[in-house]
Structure formats: structure tokens, C-alpha cells
Undergrad: 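Please find one structure pasted underneath; my questions will follow.
Nothing here was measured: the structure is a model prediction, and the numbers come from that model. Below, all heavy atoms of this structure are taken into account, side chains as well, without hydrogens, waters or symmetry copies.
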Amino acid sequence: MSRSDRFDQSYQHEFKQNEDLNDSQAGRQQLTKTFENREQQWKVNNQKAQKNGAHRTIYWVKQQRKPEDASIRGKGQKWETSMKYVGDWKANEKCGFGIQYYPNGDKYEGGWEKNMRNGQGTLWVSGAKGKLRREYTGDWEADKKSGRGTMFYGNGDRYDGFWLDNKPHDEGRMIYENGDVYEGQWHFGKRSGYGILTKRNGDHFEGHWVNDLREGQGSYFFAEKNKIFVGEWVNDMPKAGVYSEVEDSSAPKKKGKEAFDDAYALPELPPIGLAAPTSVLQKALEEVKRDRTLYRARFIPLYELYNDEELEELLKEFKTASNNKNAVNFTNLVALLHQMGIEYEEDEVRKVLNKVDENAKEEEIEFQTFARMIAIILEEINGEPQAEGKAIVD
């Protein structure tokens, strides 16, 4: 007789013995307590089985599903393996190097700490016909991709770079399945900041990105036309700038059409051109920047809005106002702005706050919100883009 069969018989015997207790409320309570104690027995046994040291294996089991043909399982076939871990333990927790086999067929091998993936490790995912495919190899922290690592996406894309909270973040390079390559800054899974996109056909973009789209100053080289656009981009499209042909001294010059032998005199024509082209272009660029100030201030990463020294100074002011906490209330925010020389009334401050975050709680205003408010306020005060290193837009 298997252990599971003996358990079932014992359980049924105890249930029958306690049937008489169902006639009274006290009996039912006693019966419920008896069953609860039995259900928790596995926890008691688990505590007794101290797991420490290297290369200890533990299996997680689950009850087998009933076959579709309703056939009866043989003895010892009631349970099946659900998960398996082989590796190091410390105080009953996975710690050190270990290999985890998951119920869906995935496998992780690498570092562990406090039952979570930590340190260097590789995740394999189950593909067609159960064949394992390497998905990620690199750094982990608290069971999430964090640090430097390489991701092999199912669609053929590949990312090499830094991670935070399971998303590409900071510097990284994405090689797309179609042959395009992006190398530059990322912000929680999206291209944001300065980056270079080289397309398979030879086209080349170099400039700024926001929320995975080209936004701000950038240049685009058209390989087939041998022309380049330099200017402002809005929502992934060129908005205002200069479009010109790239001079290539090594390229062969095109031969013009043969002229007629007879002289042909043309009347003089007045020159055609744009009046004050420089001022027109400058006005158009400033108009685009002004129209996109709010959007860019809300979504551009802070390290693009400010340089390191400015961010450090802002954080210092914020920590002082918040007593070294992660947030300030609205009253302290207004006082902080006045201390910084920004004499905005409460209604004006509230309007700027709503521009940054319509759902912001006045009791808890975080540093990220505060820094973006400063960017908008400075733009309103100055009425023009700030100096390099302090620009809301580049």
C-alpha cells in the first residue's frame, strides 16, 4: 500500500469517527480544527526538514489530472512533479548557485538569495515541442532583471545593455530582426534620451528620443538620396529644419545635356528666394520648441533636462524641505519654491503641478514631479530655451 493510499484510508477513518460530532456545534468546531491541523501538517514537516548546504534537491508535486478516457490510475501515480530545484540552500532558502525547473518547462540557472534570483543567471524558456531557448543572460536583483544583460526576444530582436525592473534602462543597443540597429539611451523599456538609429538600407538618424519616438533636435541622413535633414522632430516626424544635399567630392559628377550649337539668348530673370530665411527658420524652430515644452518636460528623462550638478542641487533642496523623506506636501512645496526665488502664488503652483501630473496628490509630491515642475517654471520665467546643460529642449 502506498503512502498516499494509507493517508486516504486514515483520513476517511477519522472522518467517520467524527461524524457523530456533527450533531452539535462544538462537535463541528472540533472537527474543523482537526482537519485544519491536518492541512497544515506539511508546514510542520517542512520546518523539521532543515535545508542547508550545496546541491540539495527538492521537488514540488501536484495532483495528476484525470485522463480524458477516465482510466483509473495505478498505485503511486496520484501525484506528479510540478517543479524542481537543485542547488545551494541557506536557512531553508535558496541561496548561492542553483537550477530551478518550472511547471511550464522554463529553466533558470544562476545565483539565488532569499529564494529570489540574484546575481548572474540565465533564463531558458520552453519553445516549440518543449525545446529550450535562451531568453536572458545577465544580472538579476530581487527576482528581476537588473544590471547588465542580454535579452534574446522571441521575434528575433536582441538587446545588449543595462536593465532596471525587468526593462531596458540607461545605455543599451537593440539589434532588430529586420537589420536595423539602435544604440543609445533607454528609459524603462523605451528609447528616451540621445540615440542613434542605423537602418538596414543605410539611412541614419542621430538625435533625441522621447517615449520611443524621435522628439527634439536630430539629423536624418537619406542614403539613397544623399541628402540630410537637420532640425526639430515632433512625434517621430520632422517638423522644422534644413533639408540639403550632402556634398561628396568622391562621387562622379553627372554629365549635363549637350547644348545646341546655335547661341540662344535668355532674358534676365529676377532671383527667386525666401526673404530673411535665417530668421524664418529660427522663428519656426522656436515655435516648435515652445509648443512641445510641456510634453518634453513631462516625459524627457531627468538626466536630459538637467546635468549632474543641477540634479544634485535640486535633490539637496528637496531633501531639506522634506526632512529627508521621499515626498513633500503642497504647503512645503510652495515654501521651497519661494526659498529658491520663485515667487509663485499657490494657484500658479497648483496649475504647474497639474500640468506635470493631473493625478498628483498634494499630500505626497515626489522629487520627480518637483524637478519637472522646475523645468516648466524656468521655461515660463525665461520665455526662451535655457543654456546648454539646462535646456528643457535641446
Undergrad: Would you check if the side chain of H208 reaches a backbone N or O of G195 as a donor-acceptor pair within less than 3.5 Å?
TA: no
Undergrad: Tell me every residue that passes salt bridge (Lys or Arg N to Asp or Glu O under 4.0 Å) with E141, counting only those two or more places apart in sequence or in another chain.
TA: none
Undergrad: How would you list, by chain and number, every residue that makes a salt bridge (Lys or Arg N to Asp or Glu O under 4.0 Å) with R117, sequence neighbours excluded?
TA: D143
Undergrad: First locate atom CG of L315, then atom OG1 of T320, and finally report the distance between them rounded to the nearest 0.5 Å.
TA: 9.0 Å
Undergrad: For E317, give me all partners under side-chain contact (heavy atoms from CB on, under 4.5 Å), at least two apart in sequence or on another chain.
TA: E313, L336, Q339
Undergrad: What pairs meet the salt bridge (Lys or Arg N to Asp or Glu O under 4.0 Å) rule with one or both residues in residues 185-209, with sequence neighbours excluded?
TA: R191-D212
Undergrad: Would you kindly confirm whether L378 and L333 end up in one hydrophobic cluster when ILVMFWY residues are joined by side chain heavy atoms under 4.5 Å apart?
TA: yes
Undergrad: Connecting only ILVMFWY residues whose side-chain heavy atoms lie within less than 4.5 Å of each other, what is the rest of L213's hydrophobic cluster?
TA: none
Undergrad: Side-chain contact test, heavy atoms from C-beta onward, threshold under 4.5 Å: evaluate it for V181 versus L197 and give yes or no.
TA: no
Undergrad: Which heavy atom of F367 sits nearest to which heavy atom of L311, and what is that distance?
TA: CZ-O, 4.1 Å
Undergrad: What pairs with Q120 under side chain to side chain donor-acceptor pair (under 3.5 Å), at least two apart in sequence or on another chain?
TA: D139
Undergrad: Evaluate the side-chain proximity of D157 to I175: yes if any heavy-atom separation is below 4.5 Å, no if none is.
TA: no
Undergrad: To check you understand the geometry: which heavy-atom pair defines the closest contact between V328 and S322, and what is its length?
TA: CG1-CB, 3.2 Å
Undergrad: Can you list, pair by pair, the side-chain donor-acceptor contacts under 3.5 Å of residues 103-113, counting residues two or more places apart and other chains?
TA:
{"unit_1": "N104", "atom_1": "OD1", "unit_2": "D106", "atom_2": "N", "d": "3.0"}
{"unit_1": "N104", "atom_1": "ND2", "unit_2": "D106", "atom_2": "OD2", "d": "3.0"}
{"unit_1": "D106", "atom_1": "OD1", "unit_2": "S126", "atom_2": "N", "d": "2.8"}
{"unit_1": "Y108", "atom_1": "OH", "unit_2": "G111", "atom_2": "N", "d": "3.2"}
{"unit_1": "Y108", "atom_1": "OH", "unit_2": "G111", "atom_2": "O", "d": "2.9"}
{"unit_1": "E109", "atom_1": "OE2", "unit_2": "W124", "atom_2": "NE1", "d": "3.0"}
{"unit_1": "W112", "atom_1": "NE1", "unit_2": "G98", "atom_2": "O", "d": "3.2"}
{"unit_1": "E113", "atom_1": "OE1", "unit_2": "N118", "atom_2": "ND2", "d": "3.2"}

Undergrad: Can you find a heavy atom in the side chain of I228 that is under 4.5 Å from one in the side chain of S244?
TA: yes
Undergrad: Is any side-chain heavy atom of M151 closer than 4.5 Å to one of K145?
TA: yes
Undergrad: I need the full list of side chain to side chain donor-acceptor pair (under 3.5 Å) pairs touching residues 356-372, with sequence neighbours left out, sorted by first then second residue.
TA: R350-E362, Q368-R372
Undergrad: Check each of D160, T137, T122 against T150 using the side-chain hydrogen bond (donor to acceptor under 3.5 Å, both in side chains) test, and report the only one that passes.
TA: D160
Undergrad: Measure up the Y159 and W186 rings against each other and bin them: parallel (under 30°), tilted (30 to 60°), perpendicular (over 60°).
TA: perpendicular
Undergrad: Answer yes or no: does atom CD of E345 have more than 12 heavy-atom neighbours from other residues, nucleotides or ligands under 6.0 Å?
TA: no
Undergrad: Could you walk me through whether E380 and K351 pass the salt bridge (charged side-chain N to carboxylate O under 4.0 Å, His left out) check?
TA: CA-CA 12 Å; E380 292 177 349; K351 287 180 181 179; over 6 Å; no
Undergrad: Once you measure the plane-to-plane angle for F205 and Y220, does it fall in the parallel (<30°), tilted (30-60°) or perpendicular (>60°) bin?
TA: tilted
Undergrad: Got W140 and M116 here, is their nearest side-chain heavy-atom distance under 4.5 Å?
TA: no
Undergrad: With a 6.0 Å cut-off on the ring centroids, do W209 and Y182 count as close?
TA: yes
Undergrad: What residues form a side-chain contact (heavy atoms from CB on, under 4.5 Å) with E93, not counting sequence neighbours?
TA: K114, N115
Undergrad: Can you hop from V242 to F221 via hydrophobic side chains spaced under 4.5 Å?
TA: no
Undergrad: Just grab all the salt bridge (Lys or Arg N to Asp or Glu O under 4.0 Å) pairs involving residues 213-224, residues at least two apart or on different chains.
TA: R214-D236, E215-R292, E215-R296
Undergrad: Report the distance from atom OH of Y194 to atom CD of Q217, rounding to the nearest 0.5 Å.
TA: 9.0 Å
Undergrad: If we ignore hydrogens and angles and just use 3.5 Å, is the side chain of Y306 paired with the main-chain N or O of A375 as donor and acceptor?
TA: yes
Undergrad: Answer yes or no: does atom CG of N326 have more than 12 heavy-atom neighbours from other residues, nucleotides or ligands under 6.0 Å?
TA: no
Undergrad: I'd like to know if the side chain of Y85 and the backbone of D88 have a donor-acceptor N/O pair within less than 3.5 Å.
TA: yes
Undergrad: If you define the side chain from C-beta out and look only at heavy atoms, does anything of N166 sit under 4.5 Å from Y136?
TA: no
Undergrad: Using side-chain heavy atoms (C-beta onward) and a distance below 4.5 Å, is D170 in contact with L164?
TA: no
Undergrad: Taking all heavy atoms of A284 and all of A240, pick out the closest pair and write down the distance.
TA: CB-CB, 4.1 Å
Undergrad: Hey, does the Lys NZ or Arg CZ of K227 hover above the aromatic six-ring of F222, less than 6.0 Å from the centre and inside 45° of the axis?
TA: no
Undergrad: Could you check V288 against V234 for side-chain contact (heavy atoms from CB on, under 4.5 Å), going step by step and ending with a plain yes or no?
TA: CA-CA 8 Å; V288 171; V234 173; 3.5 Å; yes
Undergrad: Measure from the side-chain N and O atoms of W89 to the backbone N and O of K94, and report whether any donor-acceptor pair falls under 3.5 Å.
TA: no
Undergrad: In the single-linkage hydrophobic clustering (I, L, V, M, F, W, Y; side-chain heavy atoms under 4.5 Å), do L314 and I377 co-cluster?
TA: yes
Undergrad: When rounded to the nearest 0.5 angstrom, what distance separates CD in E348 from CG in L337?
TA: 10.5 Å
Undergrad: Apply salt bridge (Lys or Arg N to Asp or Glu O under 4.0 Å) to R290 and list each qualifying residue two or more places apart in sequence or on a separate chain.
TA: none
Undergrad: Examine R148 relative to F162 and say whether NZ or CZ is less than 6.0 Å from the centre of the six-membered ring and inside a 45° cone about the ring axis.
TA: yes
Undergrad: Identify, with sequence neighbours excluded, every residue that meets side chain to side chain donor-acceptor pair (under 3.5 Å) alongside N332.
TA: N329
Undergrad: Same hydrophobic cluster for L123 and F152, using side-chain heavy-atom links shorter than 4.5 Å among ILVMFWY?
TA: no
Undergrad: Can you see which heavy atom on M373 is nearest to which on V349, and at what distance?
TA: CE-O, 3.7 Å
Undergrad: Are Q100 and K84 close enough, and set up right, to give a side-chain hydrogen bond (donor to acceptor under 3.5 Å, both in side chains), and what steps lead you there?
TA: CA-CA 6 Å; Q100 176 78 59; K84 183 176 75 170; over 6 Å; no
Undergrad: I need the minimum non-hydrogen distance between M340 and I374, along with the two atoms involved.
TA: CE-CD1, 4.0 Å
Undergrad: Do Y295 and V352 sit in one hydrophobic cluster, given that two such residues count as connected whenever their side-chain heavy atoms are within less than 4.5 Å of each other, even indirectly?
TA: yes
Undergrad: Using the rule given for ring pair (Phe, Tyr, Trp, His ring centres under 6.0 Å), can you reason through F318 versus F370, listing the C-alpha separation, both sets of side-chain angles and the distance that settles it, and then say yes or no?
TA: CA-CA 8 Å; F318 184 83; F370 162 71; 5.5 Å; yes
Undergrad: Do you know which two heavy atoms are closest between P168 and Y153, and how far apart they sit?
TA: CG-OH, 4.1 Å
Undergrad: Does T293 reach the main-chain N or O of K289 with its side chain, forming a donor-acceptor pair under 3.5 Å?
TA: yes
Undergrad: Just checking H169 against F188, ring centres under 6.0 Å apart?
TA: yes
Undergrad: Taking the side chain as every heavy atom from C-beta outward, state whether H204 and T198 have any pair of such atoms under 4.5 Å apart.
TA: yes
Undergrad: Got a sec: does the NZ of K90 have more than 12 other heavy atoms crowding it under 6.0 Å?
TA: no
